[in-house]
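Scroll down for the structure; my scribbles are underneath it.
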Amino acid sequence: MLKAAVIGVGSMGRNHARVYRELDGVQLVGVADKNAQAAAKVGSSYSAPDYADYLKLLDEQQPDLVSLAVPTSLHHEFASELIGRGVHVLIEKPIASTPEQAEDLIAQAQRQGVVLAVGHIERFNPAVMELRRRLREGMAGRIYKIHAERLSPYPTRIQDAGVVIDLASHDIDLLRYLIDEPITRLYGETLQSINSDREDMFNGLVRFKGGAVGVLDVNWITPTKIRRLTVTGARGMFRCDLLSQELFFYENESAPSQWDTLSILRGVSEGNIIGIRVQRHEPLAAELSDFVAAVRDSRPPTVTGQDGLETLRVAVQFVRSGKQTEIIVPA
Ligand SMILES: NC(=O)c1ccc[n+]([C@@H]2O[C@H](COP(=O)([O-])OP(=O)(O)OC[C@H]3O[C@@H](n4cnc5c(N)ncnc54)[C@H](O)[C@@H]3O)[C@@H](O)[C@H]2O)c1
């Protein structure tokens with residue numbers, strides 16, 4: 001049995017506690033939150049001791065692994081404490097407030113030989129997993145464009161990051177994961193409409209080394225929740241709804257068949273619309289299973305500290321681009 005704990009049991013962390021409670025081979029040995037009432041409520045729901053002081057939890061319960069779901073501005077300080085004690089840690093996204101903090105955490109984890117995972121949960125969305133598999137198989141042919149939409153109402157609880165670092169980091173990670181090529185340039189437009197000191201609307205463009213273009217449309221100014229991806233290639237377009245975990249493929253009838261790779265693409269016309277079967281599961285359960293397996297098998301997790309760092313770097317570049325009206329060519 002591995003001993004697991006959750007630090008920060010607000011809107012995200014309480015779900016980590018629920019999932020650990022249900023995972024095989026794991027015992028939830030405690031939850032901590034500076035809001036003692038929140039800790040007590042989650043602790044009693046999942047039969048785990050609760051703490052207002054996370055250091056006391058670490059001293060008394062000695063967990064093997066921890067999910068860290070406190071506000072982003074505390075990630076570096078808390079994760080450093082955990083890593084220093086030899087505890088494996090899954091840090092909720094984004095990995096930290098700055099790339100320098102992220103680099104420091106990665107170096108600390110390497111020195112201590114602990115697993116450092118980052119909660120870029122969309123990689124565990126079964127519709128994304130199926131989409132990635134189909135793209136790898138070449139179902140869409142050469143990829144021209146990937147478009148991510150993540151639109152939401154304003155979350156008053158997020159006080160320490162703007163919409164690029166907090167929310168678009170999901171989609172930056174997804175673009176990196178699905179295209180899997182270096183970014184050669186990027187440009188962002190940001191707007192502050194509700195938040196007085198950070199952006200709450202973001203539109204971004206990226207160019208990948210192989211030529212594909214990424215389009216990001218992410219904001220906190222939409223009175224409904226939308227999470228969608230479309231990927232357009234020579235053979236057709238995938239449309240993926242990340243909330244309902246649905247995946248469709250719109251065939252380009254004019255495209256040469258998959259076996260006729262030497263033919264030239266002559267045009268684009270509407271073909272069949274194929275609904276692709278997705279085996280649904282809870283992304284968080286898959287993410288925490290992967291983290292626990294990485295600890296048990298001493299292997300890297302699916303989303304490493306380095307992934308978290310690369311994504312944060314791009315997010316920070318987008319914020320800069322938006323502030324300075326500047327096209328950025330990453331080093
Ligand atoms: N992966 C996802 O889809 C996803 C979704 C939401 C949030 N998040 C991330 O999770 C983290 C938390 O976000 P949230 O939405 O759950 O916020 P939240 O405000 O709902 O929860 C944060 C919790 O941390 C507690 N906390 C604050 N300071 C503390 C301290 N010093 N000691 C112990 N506990 C402390 C707060 O009391 C609160 O309960 C953020 O990094 C956020 O980006 C990830």
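Order of appearance sets the numbers: ligands from 1, and atoms from 1 within every ligand. Residues take their numbers from the sequence shown, with the count starting at 1. None of the values given here were measured: they were computed from a predicted structure.
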Exercise for the section: Scan Leu90, Leu82, Val89 and name whichever one has a side-chain contact (heavy atoms from CB on, under 4.5 Å) with Leu116. Expected result: Val89
Handout entry: Which residue and heavy atom of the protein sit nearest atom 30 (C) of ligand 1, plus the separation
Key = Phe78 CZ, 3.6 Å
Exercise for the section: Start with the C-alpha gap between Asp290 and Arg299, add the side-chain angles, then the distance that decides, and say whether salt bridge (Lys or Arg N to Asp or Glu O under 4.0 Å) holds. Expected result: CA-CA 10 Å; Asp290 178 75; Arg299 63 148 173 92; 3.4 Å; yes
Handout entry: Closest protein heavy atom (residue, atom, distance) for atom 17 (O) of ligand 1
Key = Arg157 NE, 3.7 Å
Practice task
Answer yes or no for Pro94: is there a heavy-atom contact with ligand 1 below 4.0 Å?
Solution key: yes
Practice task
Please answer whether the main-chain N or O of Pro94 pairs with a side-chain N or O of His75 as donor and acceptor at a distance below 3.5 Å.
Solution key: yes
Practice task
Write out the residue and atom name of the closest protein heavy atom to atom 42 (C) of ligand 1, then the distance separating them to 0.1 Å.
Solution key: Lys93 O, 3.6 Å
Practice task
Give yes if a backbone or side-chain nitrogen or oxygen of Met12 is under 3.5 Å from a nitrogen or oxygen of ligand 1, and no if not.
Solution key: yes
Practice task
Consider ligand 1: state whether an atom of it lies below 4.0 angstrom from any non-hydrogen atom of His170.
Solution key: yes
Handout entry: Candidate with minimal heavy-atom separation from atom 11 (C) of ligand 1, of Leu68, Val70, Leu167
Key = Val70
Problem - Polar side-chain atom of Asn272 near backbone of Ile274 as donor-acceptor pair, under 3.5 Å - result: no
Practice task
Between Thr156, Asp33, Val9, flag the one that comes closest to atom 37 (O) of ligand 1 by a heavy atom.
Solution key: Asp33
Practice task
Give the residue and atom name of whichever protein heavy atom lies nearest to atom 20 (O) of ligand 1, and the separation in Å to one decimal.
Solution key: Ser11 N, 2.9 Å
Exercise for the section: Decide if the gap between the ring center of Phe248 and the ring center of Phe238 is smaller than 6.0 angstrom. Expected result: no
Handout entry: Ion pair check, Glu103 and Arg313, cut-off under 4.0 Å
Key = yes
Exercise for the section: Check whether the side chains of Ser152 and Arg227 place a donor and an acceptor atom closer than 3.5 Å, and report yes or no. Expected result: yes
Practice task
Please could you name the atoms of ligand 1 that Ile121 approaches to less than 4.0 Å, counting only its heavy atoms?
Solution key: 1 (N), 3 (O)
Exercise for the section: Would you mind running through ligand 1 and noting each atom that sits below 4.0 Å from a heavy atom of Gly119? Expected result: 1 (N)
Practice task
Salt-bridge test for Arg123 and Asp173: reply yes if a basic N is under 4.0 Å from a carboxylate O, no otherwise.
Solution key: yes
Completion exercise
Ranked by distance from atom 21 (O) of ligand 1, the top protein heavy atom is Gly10 CA, 3.3 Å
Practice task
Report the member of His120, His16, Glu122, Glu92 with the shortest heavy-atom distance to atom 1 (N) of ligand 1.
Solution key: Glu92
Handout entry: Proximal atoms of ligand 1 relative to Asp166 (non-hydrogen, under 4.0 Å)
Key = 43 (O)
Exercise for the section: Answer yes or no on whether Arg239 is positioned over the face of Phe249, meaning its NZ or CZ is under 6.0 Å from the six-membered ring centre and within 45° of the axis. Expected result: no
Problem - Any donor-acceptor N or O pair under 3.5 Å, side chains Tyr51, Glu60 - result: yes
Fill in the blank from the handout: Rounded to the nearest 0.5 angstrom, the CD1-CZ distance for Ile146 and Arg176 is 12.5 Å
Problem - Distance, nearest 0.5 Å, that separates CG of Leu105 from CD of Gln110 - result: 11.5 Å
Fill in the blank from the handout: The atoms of ligand 1 lying under 4.0 Å from a heavy atom of His75, numbered in the order shown, are 41 (O)
Practice task
Among all protein heavy atoms, pick out the one at the shortest distance from atom 34 (N) of ligand 1; state its residue, atom name and that distance to 0.1 Å.
Solution key: Lys34 N, 3.1 Å
Practice task
May I ask you to check if ligand 1 and Tyr54 share an N or O to N or O distance below 3.5 Å?
Solution key: no
Exercise for the section: Answer yes or no for Ile7: is there a heavy-atom contact with ligand 1 below 4.0 Å? Expected result: no
Practice task
Going by heavy-atom distance to atom 22 (C) of ligand 1, choose the closest among Ala39, Ala69, Pro155.
Solution key: Ala69
Practice task
Tell me, please: is Ala38 in heavy-atom contact with ligand 1, that is, under 4.0 Å?
Solution key: no
Fill in the blank from the handout: Nearest heavy atom to atom 40 (C) of ligand 1, choosing from Leu74, Ile165, Thr72, Asn35, belongs to Thr72
Handout entry: Arg136 atom CZ, over 12 foreign heavy atoms within 6.0 Å
Key = yes
Practice task
Check each atom of ligand 1 against the heavy atoms of Gly8 and keep those under 4.0 Å away; list them by number with element.
Solution key: 24 (O)
Exercise for the section: Ignoring hydrogens and angles, state whether a donor on the side chain of Thr304 or Gln306 is under 3.5 Å from an acceptor on the partner side chain. Expected result: no
Handout entry: Pro71 touching ligand 1 at heavy-atom level, < 4.0 angstrom
Key = yes
